[in-house]
Amino acid sequence: MLRKQFEDYCELYKIEGVEVDEHEMNALVTFDAEDIEEDMEDHNDPLVLTLPVAGCNTKKILIDGGSSVNVLFYDTFKRMELNDEQLMSSYYTIYGFNGAPTKSLGDIVLQVDAGPMKFDTRFSVVYAPSPYDAIIGRRWVHQLKGVAATYQYLRFPTPEGVM
């Protein structure tokens with residue numbers, strides 16, 4: 001039983017991406033003064049993006065560098081016309097910033113598109129109120145070789161250059 005839980009834990013964070021030559025993916029990712037709009041200097045909003053998830057344009061995805069798990073909220077899961085039979089069993093309890101536990105309803109692997117990059121991403125589906133549709137954590141951003149900036153940017157290298 002413990003071995004199975006450990007193997008599932010190891011699989012939980014695996015992200016499969018497209019295969020590209022490594023030299024194509026070593027582009028320098030930078031931000032400069034031209035990236036900062038005048039009205040951006042005083043804000044401190046979280047980074048929220050719209051990304052295609054399983055072919056659905058998911059509008060409120062929080063990019064959370066402090067999260068070790070990707071979360072899909074159950075109401076979003078239902079709006080995507082997914083069903084509970086697609087969920088894989090999960091042994092995990094997710095703890096929020098206040099330490100409150102939330103039990104996952106199960107896990108599901110969905111394709112997340114970031115420009116030309118397509119990643120099979122494992123989400124823990126939770127039934128909880130949230131202003132967001134999903135939360136994508138630091139492991140996904142790291143796999144993307146991305147850099148998230150508080151100026152509302154996520155930049156990452158692609159075979160076509162930095163997006």
Side-chain angles (χ1 to χ4, degrees), residues 1-20 24-25 29 45-150 152-160 162-163:
M1 177 73 168
L2 288 176
R3 181 169 181 75
K4 173 74 172 134
Q5 287 179 353
F6 177 75
E7 288 170 356
D8 287 347
Y9 177 83
C10 291
E11 278 296 307
L12 179 64
Y13 300 113
K14 183 177 179 183
I15 300 172
E16 299 294 332
V18 295
E19 295 294 325
V20 296
E24 294 175 337
M25 298 297 293
V29 177
D45 297 332
L47 179 56
V48 179
L49 302 177
T50 297
L51 294 170
V53 177
C56 298
N57 214 19
T58 309
K59 295 186 179 184
K60 296 182 287 184
I61 299 176
L62 174 66
I63 305 299
D64 184 358
S67 180
S68 61
V69 65
N70 302 311
V71 175
L72 183 66
F73 293 96
Y74 191 69
D75 61 335
T76 305
F77 176 84
K78 285 306 206 182
R79 280 196 316 269
M80 294 172 77
E81 297 182 3
L82 300 170
N83 60 58
D84 293 3
E85 291 77 36
Q86 293 174 271
L87 292 173
M88 298 174 279
S89 62
S90 175
Y91 304 102
Y92 309 103
T93 300
I94 300 169
Y95 293 90
F97 69 91
N98 62 357
T102 301
K103 184 70 177 145
S104 172
L105 300 174
D107 293 340
I108 190 165
V109 177
L110 301 171
Q111 182 176 296
V112 179
D113 300 345
M117 310 301 284
K118 298 178 185 321
F119 293 94
D120 287 333
T121 305
R122 190 170 193 135
F123 288 92
S124 287
V125 178
V126 298
Y127 185 78
S130 175
Y132 306 109
D133 293 327
I135 297 173
I136 290 184
R138 65 180 172 267
R139 293 175 191 263
W140 187 89
V141 175
H142 180 77
Q143 182 68 28
L144 184 65
K145 295 185 178 181
V147 178
T150 57
Q152 301 302 296
Y153 290 107
L154 173 66
R155 291 221 171 126
F156 53 93
T158 74
E160 290 86 32
V162 175
M163 291 192 77

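Note that these values count all heavy atoms, side chains included, but never hydrogens, waters or copies made by symmetry.
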- Taking atom NZ of Lys59 as the centre, does the number of heavy atoms from other residues, nucleotides or ligands within less than 6.0 Å exceed 12? no
- Polar side chain donor-acceptor pair, Asp84 to Tyr74, under 3.5 angstrom: yes
- Query: What closest approach, in Å, do Ser124 and Asp107 show between heavy atoms, and which atom pair accounts for it?
  - Reply: OG-OD1, 2.9 Å
- Query: Distance from Ile63 atom CD1 to Tyr132 atom OH, nearest 0.5 Å?
  - Reply: 11.0 Å
- Query: Gly106 and Ser90: which non-hydrogen atoms are nearest, and at how many Å?
  - Reply: CA-CB, 4.0 Å
- SG of Cys56 to CZ of Arg79: how many Å apart, nearest 0.5 Å? 10.0 Å
- Message: For a quick test of reading the model, state the closest non-hydrogen atom pair linking Phe123 to Ile135 and the distance between them.
- Response: CE2-O, 4.3 Å
- Task: Find the distance between CG (Leu49) and OG1 (Thr58) and round it off to the nearest 0.5 Å.
- Result: 11.5 Å
- Value for CG (Leu62) from CG (Leu47), rounded to nearest 0.5 Å, stands at 7.5 Å
- Message: For a quick test of reading the model, state the closest non-hydrogen atom pair linking Arg138 to Gly66 and the distance between them.
- Response: NH1-O, 3.0 Å
- Least distance between heavy atoms, Asn83 atom then Phe77 atom: O-CZ, 3.3 Å
- Quick one: CE on Met80 to CG on Asp75, what's the gap to the nearest 0.5 Å? 11.5 Å
- Quick one: does Phe73's side chain get under 4.5 Å of Val126's, heavy atoms only? yes
- Any side-chain heavy atom of Ile61 sitting closer than 4.5 Å to one from Val53? yes
- Note on the structure: Checking Val69, Val109, Leu110 against Arg122 for side chain to side chain contact (heavy atoms under 4.5 Å, CB included), the one that qualifies is Val109
- Among Asn70, Leu72, Ile108, Leu51, find the one that has a side chain to side chain contact (heavy atoms under 4.5 Å, CB included) with Thr121. Asn70
